[in-house]
Amino acid sequence: MLDEIKLVSCYRTGNQRDDSEELEEWLPNINEGKTKGRRQRGTVEMAERKKVTKRVAKPKEPKPKEPKPKAERKPRAARVSKAKKAKTKTEQQTEDAVLPKPESQQHVTVKEERLSINLSSHNAAVPGDVPHECPSSSQHFPKVKKEEPDDSFTFDEPAQKKQRTTNAAQGRPIKLKSGNSCVEDIEMNWVPIQVLAEKTGVEQWVCANIAKLFQEENTVPFMVRYRKELINHMDADAVRDVQLTLEELRSVAKKSKSVSQTLKKEGVLTSELEMALKNCTTAGDIDHVYAPYKKGSKLSKARRAKELGLEPVALALLQAPQTLDLHSSIQPNTKGISPLHTYNSQPVVTVLVHQRSLLISKPKDIAKFSLYTDFTCDVQRIQHYQMLAINRGENLKILTVKVNIPDWVKNDFCRWCINVRWRPQGFAQPELMTILKNAIEDSYRRFILPFLSRGYRTKLTTSAEKESIAMFVRNLRQRLLMCPVRGRVIMGVDPGFHHGCKIAILSPTSQILHTDVADVACPAKHKEAENLNLIFFPHSCQTIVIGNGKACRETEAFFTDLIKQRFFKPLDVSYCITDEAGASIYSVSPEAVKEMPDMDPNLRSAVSIGRRVQDPLAELIKIDPKHIGIGTYQHDVSQSLLRAALDGVVQECVSFVGVDINICSETLMRHIAGLNAGRARSIMEWKEKNGPFLNREQLKLVKGLGPKSFQQCAGFIRINPETTFYSQWNEGLKVPLKQTAEKKKVKGSGSASNKFNPLDQTCIHPESYSIALRFLSQIGGSLDQMGSAVLRQSIESSVKSRGLDVLAKSLDTTPETLQLIVDGLTQPPGFDIRQDFEQADFKREIVSMNDLHDGMVLTGRVTNTALFGAFVDIGVGRSGLIPKRFITPDKLPVDQRRRSLALGPGERVEVRVMNVDLHRNRITLDLIRVLR
């Protein structure tokens, strides 16, 4: 079996480019003053290619008809000859050096933007005659019209990620007061903030503010909520993208400096080489520049030729070929230049045969990759999930991957090298031109072709990894922000055959009331039902949560029969199915052992399953996000990037929801912005010694919690009067709090009050308390009215009559801060942002796959999303798949149309059954609409 993947790389888009433009592609950029990065130039060139009109090679030939208007062409000028006349001797030597400048490198590395046609369509894509191969100095190269980048968006193929910060409400340039540079550590020839803006699509003033905020050790949640005016209302994902790009630029600068020091020690660092290194904006650019000088097992052919004294011969071939005598350079007793060899440029292809022979020993693994047998796809059309699957198959030695670059790319490159780049400055004999041609073809085969192949693979893999991680982040955020089920006694059930179903009864506050084991698969089911009845009635349990693991369907059928028989009457019992992924791993983790030390691990799983419905956020953060059953190809992406992204979204969710500091666990507390494991432990120790916190100011008394940490975490911490037990603890806390405050005062931090502050249960930051009090004074309100309809009406009337901007100016604050204060004052006590999110679906009857038929319309809930579609639970024990092609913009709400897949876990959808495959246990669904 031949399992070879051919990623067909093609070079053009339709009939848009003539032969003169083809040669222009390989022209080096002789303007050394420009310091634009490769990505900026690639974006501009891509925009030009999208909007440039068709051109032909010869003006006399008729132009093909097309709907677009013809672009005006400027008179041709002999650009090449003028450039050559204007060059100084130093510039000519620099251009002819072995090391290419970054400007010239872009003509090789940016080619993937134009690869869009299959190799078989090459003849149809190249109009006109092929340029002559004879050297010519009178070749004209028309200038490409420059236009603004196209910012259009296509749903099927997501556009490059770009934050539309200019459209944000009230967004305007606001600079930080500090004048110190935030990127002083990046010593390169390009402006860091400018390159950062080009790579991320964010305005420069926003990038400068974000870089400064990170330099001041601000966290992403704090910036997104309390510094909106500085980041122009960007969301957390966009801010993290800027942060990662800034870190990449810093690593590039660090690597450039390290390579320069290495080359300087070796004595090969020149001013041109140092300039080229400082012009690089990516690590790949640095590797490309450093490659000719990197020491390996053997020297490169160019360096060996220089050591043999052949550099003057090569320069003579280019500068004065009529005076060159190759026979005079032959030295019979010197290895390397003794005979006159004939060069054979045929490539070696034996590696593929060896790899295919390995396939015979793994028939089982081959079946998993049957879809990719003899798979061929254009590099611009390959899907992200396909690329990750191909990489996995290659790593398992099952698939052989090859990037096919058309031969005419080599021909155009070689023709440009001979006619333009290294054109001899005099008459050269045919045998000398043959040597030059063979050298260029050899360099293309050994260096350029592998370089292009690696570049395509790296770009495709990087893009696929980023999209996979972004999908993982979206799924995790929606899973964590599912609406909790409050005020219910819940029975968590971990299904099982051999060891029975593990049962845990949880109170409305997630306290463990009872645990047991029931064998619902035994013949005497009525006895198990009687035992369950004895459990339900004492605790008034009316809600059952069943894990979706093994024996789930049997357990569901057991409880459904009891509900239909009204066995639990007068209790109105319902049940739901929840994802139990990661419950078994958590049950044996140190966190679970510490929390439930004397409990069997199987019963801990039942507790975890029940708590996932009571408070998904508080329970799921105890488990590694990679183990909770979301996302795809998580083991095939960069683990460091995945871990950073997941940690960031967990911190974001925990912080934005808010944490009651007096009842939350230490595990939950460590994920608050500004806190870590050590500070969370110190807070828990302070509570054990002094009792619950009475206000946010008391956080300053905790050891290890400095002013910066307090600033970052204070706004996300809640102190509710119901959980502080103020009346019970006040008398006992007076002395220890006073003593602690006095000790803290000696250190210069001041004392903390023992009084409860109503603003501590809102999202208003302590730095804005004085503004909130002045605002209440202006409208005639008080803190006692917080969350009431009277205060809400008064605030709305004031904002409507005077305007938010005018009110903010009168209070000497920003509209963003005032809006946050308005939200905090009008939200009812105990407000939870998750109350508007989806909640678990409870039901009382069961449906099987046999009940489904084509065309049936059902409602379900998205359980997971992948790069190829969304999985939906429709209540039949098996999730159905909505393929990506059925998730179209017209079926989605407006606010979800710009996302790459637009669906996430927890969303309720209406679907139509397209196909039911009972043999393979698969259900294909069509999306009708998203239910809100």
Side-chain angles (χ1 to χ4, degrees), residues 213-214 216-228 230-231 234-237 239-240 476-477 480-481 484 615-618 620-621 646-684 686-687 692-702 704-721 723-724 756-769 772 786 816-817 819-825 827 829-835 837:
L213 289 169
F214 278 123
E216 295 174 352
E217 299 181 353
N218 291 284
T219 61
V220 174
F222 178 81
M223 294 162 57
V224 172
R225 173 167 286 184
Y226 300 110
R227 296 295 183 265
K228 292 181 180 180
L230 296 179
I231 63 174
M234 290 172 61
D235 58 20
D237 289 337
V239 175
R240 274 192 293 268
L476 178 60
R477 181 185 291 111
L480 294 179
L481 293 180
D615 193 343
L617 178 62
L620 291 177
I621 57 101
L646 297 182
D647 289 345
V649 74
V650 169
Q651 184 187 70
E652 170 197 340
C653 293
V654 172
S655 300
F656 288 168
V657 170
V659 174
D660 191 332
I661 195 69
N662 289 320
I663 61 174
C664 74
S665 64
E666 181 180 336
T667 304
L668 183 64
M669 194 185 304
R670 68 180 60 157
H671 292 289
I672 303 174
L675 300 184
N676 52 28
R679 293 167 187 155
R681 192 178 306 110
S682 298
I683 291 176
M684 297 299 292
W686 193 95
K687 287 199 302 180
F693 288 90
L694 304 180
N695 52 61
R696 287 171 172 170
E697 286 295 318
Q698 290 182 346
L699 290 169
K700 297 179 179 179
L701 307 178
V702 177
L705 199 67
K708 193 63 181 182
S709 299
F710 175 80
Q711 180 197 40
Q712 299 300 305
C713 73
F716 306 115
I717 289 177
R718 305 287 185 270
I719 298 180
N720 298 317
T723 57
T724 55
F756 173 74
N757 189 338
L759 295 176
D760 288 341
Q761 56 183 328
T762 69
C763 60
I764 304 174
H765 198 278
E767 65 185 9
S768 303
Y769 280 2
M786 280 177 46
E816 291 81 5
T817 301
Q819 182 62 55
L820 198 64
I821 292 173
V822 169
D823 294 340
L825 294 176
Q827 290 169 352
F831 174 79
D832 193 333
I833 64 171
R834 296 173 293 176
Q835 67 186 21
F837 289 79

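Model, not experiment: these values are computed from the prediction.
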Asker: Looking only at non-hydrogen atoms, find the nearest pair between Met786 and Leu759 and report the distance.
Answerer: SD-CD2, 4.0 Å
Asker: Looking at every heavy atom in both Thr762 and Pro758, which two are closest together, and how far apart are they?
Answerer: CG2-O, 4.1 Å
Asker: Strictly distance-based, threshold 3.5 Å: is any side-chain N or O of Arg834 a donor or acceptor partner for the main-chain N or O of Val657?
Answerer: no
Asker: Do Met223 and Leu230 come within less than 4.5 Å of each other through their side chains, counting heavy atoms only?
Answerer: no
Asker: Quick one: does any side-chain atom of Ser655 pair with a main-chain N or O of Ala673 as donor and acceptor, under 3.5 Å?
Answerer: yes
Asker: Arg718 and Cys763: side chain to side chain contact (heavy atoms under 4.5 Å, CB included), yes or no, with the steps?
Answerer: CA-CA 8 Å; Arg718 305 287 185 270; Cys763 60; 3.7 Å; yes
Asker: Quick one: does Val239's side chain get under 4.5 Å of Phe214's, heavy atoms only?
Answerer: yes
Asker: Please name the pair of heavy atoms, one in Glu652 and one in Pro221, separated by the smallest distance, quoted to 0.1 Å.
Answerer: CA-CG, 4.0 Å
Asker: Do Val224 and Phe656 have side chains that get closer than 4.5 Å, going by heavy atoms?
Answerer: yes
Asker: Working to the nearest 0.5 angstrom, can you tell me the gap between Leu668 CG and Asp615 CG?
Answerer: 8.0 Å
Asker: Which distance, rounded to the nearest 0.5 Å, do you find between the OG of Ser709 and the CG of Asn676?
Answerer: 7.5 Å
Asker: In the structure I gave you, are the side-chain heavy atoms of Ile764 and Leu825 within less than 4.5 Å of one another anywhere?
Answerer: yes
Asker: From Leu646 CG over to Leu480 CG, what is the distance, rounded to the nearest 0.5 angstrom?
Answerer: 9.5 Å
Asker: Between the side chains of Asn695 and Asn757, is a donor N or O closer than 3.5 angstrom to an acceptor N or O?
Answerer: no
Asker: Between Leu617 and Cys653, is any pair of side-chain heavy atoms under 4.5 Å apart?
Answerer: yes
Asker: For Glu217, is the CD atom crowded, meaning more than 12 foreign heavy atoms sit under 6.0 Å from it?
Answerer: no
Asker: Which atom pair, heavy atoms only, marks the closest approach of Arg679 to Gly674?
Answerer: NH1-O, 2.8 Å
Asker: Yes or no on side chain to side chain contact (heavy atoms under 4.5 Å, CB included) for Lys708 and Asn218, after CA distance, side-chain angles and deciding distance?
Answerer: CA-CA 8 Å; Lys708 193 63 181 182; Asn218 291 284; 3.4 Å; yes
Asker: Flag the pair Ile683 / Glu666 as yes when at least one side-chain heavy-atom distance between them is below 4.5 Å, and no otherwise.
Answerer: no
Asker: Rounded to the nearest 0.5 Å, how far apart are CD of Glu216 and CZ of Arg227?
Answerer: 9.0 Å
Asker: If you compare all heavy atoms of Asp760 against all heavy atoms of Arg696, which two are closest, and at what distance to 0.1 Å?
Answerer: OD2-N, 3.1 Å
Asker: What heavy-atom pair brings Asp237 and Arg477 nearest, and what distance separates the two atoms?
Answerer: OD1-NH2, 2.8 Å
Asker: Quick check for you: to the nearest 0.5 Å, what is the distance between Phe756 atom CZ and Gln761 atom CD?
Answerer: 4.5 Å
Asker: Identify the residue among Phe716, Tyr226, Phe710 that makes a ring pair (Phe, Tyr, Trp, His ring centres under 6.0 Å) with His765.
Answerer: Tyr226
Asker: Measure the shortest side-chain to side-chain distance between Ser768 and Leu820 over non-hydrogen atoms and say whether it is less than 4.5 angstrom.
Answerer: no
Asker: Show, in sequence, the C-alpha distance, side-chain angles and deciding distance for Gln651 and Asp647, and conclude whether the side chain to side chain donor-acceptor pair (under 3.5 Å) test is met.
Answerer: CA-CA 6 Å; Gln651 184 187 70; Asp647 289 345; over 6 Å; no
Asker: How many angstroms lie between atom OG1 of Thr219 and atom CD of Gln711, to the nearest 0.5 angstrom?
Answerer: 8.5 Å
Asker: Counting C-beta onward and ignoring hydrogens, is there a side-chain heavy-atom pair between Leu705 and Leu675 closer than 4.5 Å?
Answerer: yes
